[in-house]
2 protein chains.
Amino acid sequence: MEEISHKNPFKKPFFDLKELVDSIQEHLGCPATIEDTNHRLNAYSSHGVDADPARIGTIISQRVPEKVINRLWKEGIIPKLIQSDSALRIPHIDDIGLRDRVAIAIRKNNEILGYIWVVEGPKKLSHLQLEHLKDAAVVAIPLMAKIQQNRKRKEENYQEFLWQLLTGQFKNRDEIYEQVHELHLKIPNHFTVLVFYFEQDITQAMEEQISYLITTSQKITNHFLVLMDNELILIASPHPSQSDATAFDSFITYFTSEIANRFSILGVKGSSGKGYSDFSKAMTSYQEAQKVLELKKVFPEELENVFHYSQLGAFLYIDLIQQQLPDEHPAISKIRAYDKQHKSNFLKTLEVFIQQDSNMNEAAKKLFVHTNTLHYRMKRVAEIGEIDLTNVHEKLGIYLDLMARKMKNK
Amino acid sequence: MEEISHKNPFKKPFFDLKELVDSIQEHLGCPATIEDTNHRLNAYSSHGVDADPARIGTIISQRVPEKVINRLWKEGIIPKLIQSDSALRIPHIDDIGLRDRVAIAIRKNNEILGYIWVVEGPKKLSHLQLEHLKDAAVVAIPLMAKIQQNRKRKEENYQEFLWQLLTGQFKNRDEIYEQVHELHLKIPNHFTVLVFYFEQDITQAMEEQISYLITTSQKITNHFLVLMDNELILIASPHPSQSDATAFDSFITYFTSEIANRFSILGVKGSSGKGYSDFSKAMTSYQEAQKVLELKKVFPEELENVFHYSQLGAFLYIDLIQQQLPDEHPAISKIRAYDKQHKSNFLKTLEVFIQQDSNMNEAAKKLFVHTNTLHYRMKRVAEIGEIDLTNVHEKLGIYLDLMARKMKNK
DNA sequence: ATTCCTTTTGTGAAATTTCACAAAAGGTTA
DNA sequence: TAACCTTTTGTGAAATTTCACAAAAGGAAT
């Protein structure tokens, strides 16, 4: 036994990760996989005798299923792996189809390049075998690095192109598609631009965490990623598994909450433009996404749950109106004057009432008052402002005026 | 008797109408009044022994009360007077306080200059006395004409000024007030501009009928009247007897319906701008009124009951939006496509639903369908368009888009 | 003709909203 | 302080809306 411990079974040249992973299976007698930092599958041993659902899912979709990743985070396993130098035993988690496993991080100068996972059969790995996994991880380093570098070089090439695309540096469609062809880019046939504003500039470390979250979340398929100071731009499609309408919404909430939870990066605001098929419309979609974020700045409560351009509704027109704002609606002036004199709050009440779709109960809840109080107030508002609150056009006019004025004053 | 019949008791020089009216009273033994074409009081006999409420009202307010005029029209009395050359006996109408009367038109070459009214006492006028009234009417002609001319000359002087004012020919406030002073115009301290579009150009005959209606209606106090081709412009204030908010509305409906009923001038459309105190804002108010009329052309049903600028509500912003109309709201496109394929009517349904303040019952009535039908349709609309119909912002956005597009297509 | 799908209408119970009235609370003014 | 006004809250009955379900009607495709 002693003899073997001194001998590194992986001390031979491997052409690629596939060779390595096969060698691991051979040596340990268990199926193994190698993933990159983003849990994208790089290689898996072929003679899979004994695959659990998590492994099958991973292989099929070429990456670790999202729910598995989320669970590994929740259980604190991924952070532990990142910390640890040696292989760790991960107890089975039945409800996500994960059997007993052993894993080790592939690390180069404190930078995580990926992970080796081994599914344990009924016969557990010995202490020595776990030690050998360390050797495998070392061997994997140059192989992983090669892949990473390829990817990086490719990315650097198109970063500039994308930036030009999004800021409208190209004259026409043809110019764009020429470049696309030249750079050998595979462009999606349908895409949407997502934008995230960060509170500080995005550092190298953050970039990695961002990229981690994007590739591990399986709500969207990200095609391109552009970073600029404190701005993150994605060109993505809804993941095939997701319904179009909600895919981006849920990705944005997921992304902002997870980046806060996992990496303590707070105050990230995200949005998306409309979807297009023509890649030259990327700039349009980008600008739409930006418009959403700008409006969210002005109307944080009103647009709290709005992320997609086409959900902006009336706010789409508010800044248009705001630019040519006529005299204040007479009803507003009257109510404002009344409020001032009586220290009441009728204008805000009216605003909330309209916002809640003229629903007394909802509005009363929002305002923390008794329904009858609101009822009374609306009667007063109608009197004071001399308006008919069942007339949509009046209500709309007042509301648009109110919102536009709010925007102007910011 | 024969002798008297040949003798014209009014064949003597009268200095003014007051003298004439006194002479009539003296001769007939009954109180008399002389009105102009617009039933404005020009003179009344002073030794009024026997006044009925209608006479008192006329004298107090310097004109015949509106309800009396309306009734006289309804009963066909005024048209008969206009037709007739001789004095007519008008039976009492108790509910408006009108006792038995005799009246005759003052006519010059088929043009009506005014009327002489005589209140009969218990002793009725003889046939001869009625004949004498004809003489009185003839005597009245030059006296009335003098007044009319004075008024006309004065009017001609300021017509041009008003036109310049309304079309923005003056550089600043001072220039306007200088002119006002020069022309000795009494300007109101609060006014509103009303505009009426006629289907044809306004003829001399129509002008008289218009002026008749305006001065007899006592809903507004008209300060100035401007005519231009097929456009009638009034600068008016609410009549002291009327509440501000509704005065103009009811005048406009009154005017358009009466000018149709009485004079068979159909298709007149009226509107009003906002009220101002600064006379230099007359142009603004005029433009506002014009904007209302233009929008009413585009949205005849939607704005059916809207006459005042401040009732335009959301339509105020529609043409702004229409000028920079972005892509159609995705929900609209979806619903429109569905409609086309299934020959359904969901888009129109949605429009009416929003217009009726999301009130199922009202909207169902408007659409002549069962409430549940509408309920079903709205459920389908929400599904097809992937929208939340309780979200005001979405609804608004869709509605504004719909309206703006409607405007653009006209 | 049959089948399938969508739409319309009817029915009635359950849920919600509206409304009038009373009482209380808070603030201002003489 | 009392008198007055405005606002808030509570109560409960009446009116209205919502919703599920069933049936029927209309079209399109086979």
Side-chain angles (χ1 to χ4, degrees), chain A residues 243 245 331-392 394-396 398-399, chain B residues 243 245 330-392 394-396 398-399 402:
Chain A
S243 99
I332 298 181
S333 313
K334 284 173 197 157
I335 297 168
R336 193 195 300 291
Y338 189 93
D339 272 354
K340 201 169 181 182
Q341 205 190 342
H342 292 75
K343 284 166 198 156
S344 49
N345 236 353
F346 288 152
L347 196 57
K348 181 67 190 173
T349 306
L350 174 60
E351 185 188 319
V352 173
F353 176 74
I354 299 177
Q355 231 157 47
Q356 298 305 312
D357 200 28
S358 308
N359 183 320
M360 291 278 182
N361 288 313
E362 297 299 314
K365 264 185 225 159
K366 270 257 147 124
L367 291 163
F368 306 108
V369 295
H370 193 278
T371 316
N372 282 1
T373 303
L374 186 62
H375 192 260
Y376 167 77
R377 283 196 197 164
M378 294 328 292
K379 211 183 82 187
R380 297 286 291 126
V381 164
E383 285 166 10
I384 295 164
E386 297 181 70
I387 43 178
D388 171 12
L389 285 172
T390 66
N391 180 320
V392 201
E394 283 199 37
K395 258 193 313 199
L396 280 203
I398 290 171
Y399 190 66
Chain B
S243 99
I332 299 182
S333 313
K334 285 174 197 155
I335 297 169
R336 194 196 299 291
Y338 190 92
D339 272 353
K340 201 168 182 180
Q341 205 189 344
H342 293 74
K343 286 170 195 154
S344 49
N345 235 355
F346 287 153
L347 195 57
K348 180 68 190 173
T349 306
L350 174 59
E351 186 188 318
V352 173
F353 176 73
I354 298 177
Q355 233 157 46
Q356 299 304 312
D357 201 28
S358 308
N359 181 321
M360 290 278 181
N361 288 313
E362 296 299 314
K365 265 184 226 159
K366 269 258 147 117
L367 291 163
F368 305 108
V369 295
H370 193 279
T371 315
N372 281 2
T373 303
L374 186 63
H375 193 257
Y376 167 77
R377 282 196 198 164
M378 296 326 295
K379 210 182 83 188
R380 295 287 288 125
V381 163
E383 284 166 13
I384 296 164
E386 298 181 71
I387 43 178
D388 171 11
L389 285 172
T390 66
N391 180 321
V392 201
E394 283 201 36
K395 261 196 305 201
L396 278 203
I398 290 172
Y399 190 68
L402 229 40

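Every chain is numbered from 1, with letters handed out A, B, ... down the list of sequences. Excluded from the calculations below are hydrogen atoms, water molecules and symmetry mates; all remaining heavy atoms, backbone and side chain alike, are included.
At the phosphate of dT28(C), OP1 or OP2 sits under 4.0 Å from a side-chain N or O atom of Lys343(A).
The shortest heavy-atom contact between Ala331(B) and Gly385(B) is CB-O, 3.5 Å. Across all non-hydrogen atoms, the minimal contact from Asp388(A) to Glu394(A) is N-OE1, 3.3 Å.
One interatomic measurement links the two molecules: CG of Asn359(A) to C1' of dT18(D), which rounds to 13 Å at whole-angstrom precision. In this structure, the CD atom of Gln341(B) is 12 Å from the C1' atom of dA28(D), given to the nearest Å.
A salt bridge links Lys395(A) to Asp357(B): one of the charged nitrogens lies within less than 4.0 Å of a carboxylate oxygen.
The backbone N or O of Ile354(B) lies less than 3.5 Å from no partner atom in the side chain of Ser358(B), so there is not a single donor-acceptor pair.
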Could you run through nucleotides 2-14 of chain C and give me one letter per nucleotide, 5' to 3': B if any protein heavy atom sits under 4.0 Å from the base, S if only the sugar-phosphate is that close, - if neither?
-> ----SBBBBB---
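If you take NE2 on His375(A) and NE2 on His370(A), they are separated by 12.0 Å, rounding to the nearest 0.5 Å.
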